[in-house]
Number of protein chains: 2
Amino acid sequence: MRNHRAWEIYQAHAEFCKTFSHPVRLAILDGFREGEKTVSRLVSETGATQSTVSQQLSLLRKLGIVRTRREGRLVYYKLVDQRVLKAYDLVDAVVRETRMGQAKILA
Amino acid sequence: MRNHRAWEIYQAHAEFCKTFSHPVRLAILDGFREGEKTVSRLVSETGATQSTVSQQLSLLRKLGIVRTRREGRLVYYKLVDQRVLKAYDLVDAVVRETRMGQAKILA
DNA sequence: GATTATTAATTCGAATATTCAGATATCTGC
DNA sequence: GCAGATATCTGAATATTCGAATTAATAATC
């Protein structure tokens, strides 16, 4: 690659976007709008198995996107940085726009 | 999944983000700021092999993100919808911010 | 119009990564 | 110890990535 500086940004950007490229992770992140949540609540809200939710949360934690707090038997997860939701919303708007555009084309 | 409507959006959102979750694709998309480009130009600009660039372009075309135009032996690719770059820039800003934040933490 | 060179697309297989859920382990409060 | 909540391990299935090799399309030249 020619431009190393740019390439590093492409890498970081790509890694960041991988976070958003899975529906369960998106559902989890979306759920954090209402503040911190327990694993079991995320399980029931997403409909995924406990194992799957826990693994995705573990991934998000490894990436430094969420942080945990234990209270008794419950573990609360929350977003570290609200800007993640900012990015989420911006992309979401584009997705909805373009989907509407496609729907219009199909009609 | 409980909420089907929301789930479909999560799926679409995730698919959309997959587009951005690969550095070569990002480099290609970024390159389209300067307008349409030939495959060979994208090859030399990204440093990836012709095969790889062509495959990624083929993927982007299948997703309806780029369109092609043939002129002699050259094939020009261009973005269909500039909003893709809008989304790109918005996420990019967040990535750069958070990276700077991490650099500050590390220092 | 056959041949050759150039550009791009496709095919193929190997390597790697991701996703998922069942099973099991860990942690905590009772 | 027991029950509930969460984490981790494991293997199977699937998806992604990559480049070498091949094929296809077009232009230029003879």
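All values reported here derive from a predicted model rather than from experimental measurement. The sequence lines fix the lettering, A, B, ..., with proteins before strands; numbering per chain opens at 1.
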What's B:Arg41 touching, base or sugar-phosphate or nothing? Going by heavy atoms closer than 4.0 Å. nothing
Specify the closest pair of heavy atoms between A:His22 and B:Ala14, including all atoms of both residues, with the distance to one decimal. N-CB, 3.6 Å
Can you find a donor-acceptor N/O pair under 3.5 angstrom joining the side chain of A:Thr49 to the base of C:dA21? no
Would you say A:Leu85 ends up clustered with B:Leu90 if hydrophobic residues are merged whenever their side chains have heavy atoms under 4.5 Å apart, either directly or through other cluster members? no
Closest to the A:Arg73 side chain, choosing from D:dA5, D:dT8, D:dT6: D:dA5
According to a strict under-4.0 Å criterion, is A:Lys18 in side-chain N/O contact with OP1 or OP2 of D:dT16? no
Take atom CZ in B:Arg33; do more than 12 heavy atoms of anything else shown fall under 6.0 Å from it? yes
Any base atoms under 4.0 Å from A:Tyr77, or only sugar-phosphate, or nothing? Heavy atoms, all strands. sugar-phosphate
Between atom CG in A:Leu60 and atom P in C:dT18, what is the gap in whole Å? 13 Å
Let's see if you can work this out: which of C:dA8, C:dC12, C:dC20 has an atom nearest to the side-chain heavy atoms of A:Thr52? C:dC20
Nucleotide C:dC27, atom P - distance to OH of A:Tyr76 in whole Å: 20 Å
Using every non-hydrogen atom in the two residues, find where B:Thr98 and A:Arg83 come nearest and quote the distance to one decimal. CG2-NH2, 3.9 Å
Between the base of C:dA8 and the side chain of B:Ser54, is there any donor-acceptor pair under 3.5 Å? no
Within the 4.0 Å heavy-atom criterion, would you say A:Ser51 contacts the bases, only the backbone, or no part of the nucleic acid? base
Any donor-acceptor pair, under 3.5 Å, between the side chain of B:Gln50 and the base of C:dA9, if you only look at N and O atoms? yes
Specify the separation, in whole Å, of atom CG of A:Leu42 and atom P of D:dT6. 9 Å
D:dA7, D:dC18, C:dT10: which one has an atom nearest the side-chain heavy atoms of B:Ser58? C:dT10
Least distance between heavy atoms, B:Ala48 atom then B:Val43 atom: O-CG1, 3.4 Å
Regarding the side chain of B:Thr38, the nearest nucleotide among C:dA8, D:dC18, C:dC20 is C:dA8
Could you tell me whether the side chain of A:Glu71 has a donor or acceptor atom within less than 3.5 Å of a complementary atom in the base of C:dG29? no
Below 4.0 angstrom from OP1 or OP2 of D:dG4, is there any side-chain N or O of A:Ser40? no
Of A:Arg61 and B:His22, the one whose closest DNA chain D nucleotide lies more 5': A:Arg61
When Watson-Crick pairs (N1 to N3 and N6-O4 or O6-N4) and G-U wobble pairs (N1-O2 and O6-N3) count only below 3.5 Å on both distances, what is the dot-bracket string of DNA chain C, with | for other-strand pairs? ||||||||||||||||||||||||||||||
Note: B:Val94 and A:Lys86 closest approach over all heavy atoms is CG2-CE, 4.4 Å
Which nucleotide, C:dC20, D:dT6, C:dA5, lies nearest any side-chain atom of A:Val75? D:dT6
With hydrophobic residues grouped by side-chain heavy-atom distances under 4.5 Å, do B:Leu63 and B:Val66 end up in a single group? yes
A:Phe20 vs B:His13 aromatic rings, parallel, tilted or perpendicular, using cut-offs 30° and 60°? parallel
